[in-house]
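These notes concern the structure reproduced below.
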Amino acid sequence: MATSIVSQEELNVQFNYCLKVKALIEKRLGRTPLAFTHTYGCQGNVAEGERIDGMLRQMGYDFCDDASKADFILFNTCAVREHAEERVFGNIGMLKKFKETNPDLIICVCGCMVQQEHIKKRLKSSFPYVDIVFGTHAIHTFPQHVYECLTKEDRVFAVPESDGVVFEGVPSKHTNDLKAFLPISYGCNNFCTYCVVPLVKGRERSRRYEDIIKDAKRLVSEGFKEIMLIGQNVNSYGNDFGETNLFAKLLKEIDEIPGDFIIRFMTSHPKDCSKELIDVMAASSKVEHHIHLPFQSGNDKVLKEMNRHYDRAHYIEVAKYAREKIPDIAITSDVIVGFPGETYEEFLDTVSLIREVEFSSLYVFMYSPRVGTKAADMPDQIPAEEKSKRFNELSDAQAKVAEGRNLNMKGKTYRALVEGRNKAGRLNGRTSQNIMIEFDGSDELIGTFQNIKVTEPLTWILKGELQ
Ligand code: SAH
Ligand code: SF4
């Protein structure tokens with residue numbers, strides 16, 4: 001299937017809507033309008049949120065951190081787990097009082113949650129003060145929906161069904177001055193049985209190689225110190241062009257861009273994580289020594305039921321190869337406990353895997369049934385208390401693993417990007433392994449790379465001294 005790219009003409013139409021909205025709002029308010037936006041979920045969502053903010057800026061909006069002062073409030077939502085969805089509903093509920101005091105306020109909800117029929121219905125019937133709802137395939141038509149809302153004086157629901165599109169050329173409003181997300185693909189083709197992402201974000205669409213390189217060069221010239229390449233499965237980048245291993249080539253070419261910056265990427269699917277990729281990482285000067293490689297379960301039966309297309313032995317082999325080629329690499333991962341039918345013994349395979357691979361950090365999730373996924377209809381759903389027990393057991397085991405790994409870092413010196421100051425007034429840096437290190441120093445160091453010696457390794461962070 002050829003990737004559907006939104007044409008320049010279609011984008012120009014949207015740009016015109018931006019100008020029309022700008023004129024309308026300025027006339028209505030007689031001042032610069034303020035927007036409050038919040039994104040939930042993954043880096044992919046954050047990057048989409050930055051493009052949405054970019055469009056709002058073109059519509060004449062400035063931004064504020066206080067929702068009660070805003071003329072436009074937008075929630076860009078995540079559907080991966082039920083807990084995240086309930087939090088969003090709670091936060092939407094709190095907006096009712098703002099609408100009562102400011103009837104001109106526009107409230108907008110978009111992203112993965114609303115792409116689900118039952119959520120769209122719930123927003124329609126139970127949240128009448130939400131003005132605009134647009135799905136993941138209507139992001140590029142966002143200006144038009146704002147215009148429709150302003151002129152028709154009616155609620156707008158724009159949630160088309162689609163395999164997804166790619167649109168270029170919409171300037172992002174970056175949320176961080178030092179670190180930039182650079183999407184290389186959208187959507188996902190893997191259909192892991194627990195996961196709603198392919199249902200709400202559409203099929204995997206790779207961006208054109210040359211568009212990514214152009215963006216990377218621009219980000220470097222704008223002074224960003226870290227570029228994070230993002231996709232649901234970066235390792236399958238280009239498969240939709242009929243290419244294999246294109247990600248390794250892309251990474252190499254970005255590594256060769258001159259400048260003082262580092263490169264990270266996420267997420268790597270173990271089934272597509274090639275030796276070539278690890279070799280490129282090992283030979284590069286700018287790719288950091290960290291790989292996020294979600295394993296989800298340490299048990300082969302559960303992995304099969306999850307439709308992950310690799311087994312425990314393959315995962316261990318990839319991790320081993322990575323450590324052989326890059327001895328100080330940090331491997332981090334995602335894992336789900338309490339997948340339907342998972343027995344306690346099968347769960348113990350997950351515990352043993354984390355000890356064997358020695359992850360630097362781990363995101364542990366309790367399985368959450370998602371409407372429309374295969375796993376939601378599987379028998380033997382695990383009771384909440386059992387999931388929570390396994391969650392605690394695994395988190396405790398991982399804390400010990402991380403503590404041990406960090407202890408080995410004591411006395412060694414690491415180069416770190418200095419990101420800012422923490423609440424305790426100390427500087428915060430991040431090592432190549434993506435581990436936070438705090439130390440004392442002056443503000444001028446923020447945004448530079450510094451060598452820091454680890455003096456006190458803790459479980460989650462390191463304490464150190466500037467060298
Ligand atoms: N594309 C990425 C992950 C995207 S979702 C990958 O394949 O690695 C991020 C993480 O959320 C997943 O790795 C998984 O651990 C978790 N997750 C996804 N669906 C879930 C569900 N239904 N319940 C609990 N955790 C889930
Ligand atoms: Fe979800 Fe699996 Fe795709 Fe990751 S690879 S987004 S877990 S379906």
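All values below were derived from every heavy atom in this structure, side-chain atoms included, with hydrogens, water molecules and symmetry-related copies excluded. Counting starts at 1 for both ligands and their atoms, following the listed order.
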Location of contacts on [X] toward ligand 1, heavy atoms closer than 4.0 Å:
X: Q232; answer: both
X: I336; answer: side chain
X: Y194; answer: both
X: M366; answer: backbone
X: S368; answer: both

Carboxylate-amine/guanidinium proximity below 4.0 Å for [X] and [Y]:
X: E256; Y: K252; answer: yes
X: R51; Y: E48; answer: yes
X: K179; Y: E419; answer: yes
X: D240; Y: R208; answer: no
X: E222; Y: R218; answer: yes
X: K400; Y: E403; answer: no
X: D215; Y: R207; answer: yes

Cut-off 3.5 Å, side chains only: do [X] and [Y] have a donor facing an acceptor?
X: T175; Y: E50; answer: yes
X: D272; Y: N233; answer: yes
X: H292; Y: S333; answer: no

Considering only non-hydrogen protein atoms, determine which one is nearest to [atom] and report residue, atom name and distance to 0.1 Å.
atom: atom 8 (O) of ligand 1; value: P294 CG, 3.0 Å
atom: atom 10 (C) of ligand 1; value: D334 OD2, 3.4 Å
atom: atom 7 (S) of ligand 2; value: Y194 OH, 3.4 Å
atom: atom 18 (C) of ligand 1; value: V80 CG1, 3.4 Å
atom: atom 2 (Fe) of ligand 2; value: C192 SG, 2.3 Å
atom: atom 5 (S) of ligand 2; value: N190 ND2, 3.4 Å
atom: atom 14 (C) of ligand 1; value: Q296 OE1, 3.5 Å
atom: atom 1 (Fe) of ligand 2; value: C195 SG, 2.3 Å
atom: atom 6 (S) of ligand 2; value: Q232 OE1, 3.4 Å
atom: atom 6 (C) of ligand 1; value: T267 CG2, 3.7 Å

Inset, instruction - For atom 3 (Fe) of ligand 2, decide whether C188 has an N, O or S atom at a distance under 2.8 Å. - result: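 Yes, since at least one N, O or S atom of C188 sits under 2.8 Å from atom 3 (Fe) of ligand 2.
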
Please list, in number order, the atoms of ligand 2 under 4.0 Å from a heavy atom of [X].
X: F191; value: 8 (S)
X: H269; value: 5 (S)
X: P198; value: 8 (S)

Inset, instruction - Of the side chain and backbone of R308, name the one, both, or neither that has a heavy atom under 4.0 Å from an atom of ligand 2. - result: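 Just the side chain.
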
Inset, instruction - Using a strict cut-off of 4.0 Å, indicate which atoms of ligand 1 neighbour a heavy atom of Y367. - result: 23 (N), 24 (C)

Inset, instruction - Give the numbers and elements of all ligand 1 atoms closer than 4.0 Å to a heavy atom of R81. - result: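 Ligand 1 atoms under the 4.0 Å threshold to R81: 11 (O), 16 (C), 17 (N), 23 (N), 24 (C), 25 (N), 26 (C).
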
Inset, instruction - Would you check whether R308 reaches within less than 4.0 Å of ligand 1, judged by its heavy atoms? - result: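 Yes.
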
Legend entry - Residue-ligand contact N233/ligand 1, heavy atom below 4.0 Å: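 Heavy atoms of N233 never come under 4.0 Å of ligand 1.
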
Charged tip of [X] within 45° of [Y] ring normal and under 6.0 Å:
X: R81; Y: F365; value: yes
X: K275; Y: Y321; value: yes
X: R415; Y: F449; value: yes

Legend entry - Trace of the side chain to side chain contact (heavy atoms under 4.5 Å, CB included) decision for L56 with T37: CA-CA 10 Å; L56 277 168; T37 63; 3.6 Å; yes

Legend entry - Within-cut-off N or O pair, H269 and ligand 1, under 3.5 Å: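 No.
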
Inset, instruction - Could you say whether the N/O atoms of R370 and ligand 1 ever approach to under 3.5 Å? - result: no

Inset, instruction - Assign the ring pair Y315 / F359 to parallel, tilted or perpendicular, where the plane angle (0 to 90°) is split at 30° and 60°. - result: tilted

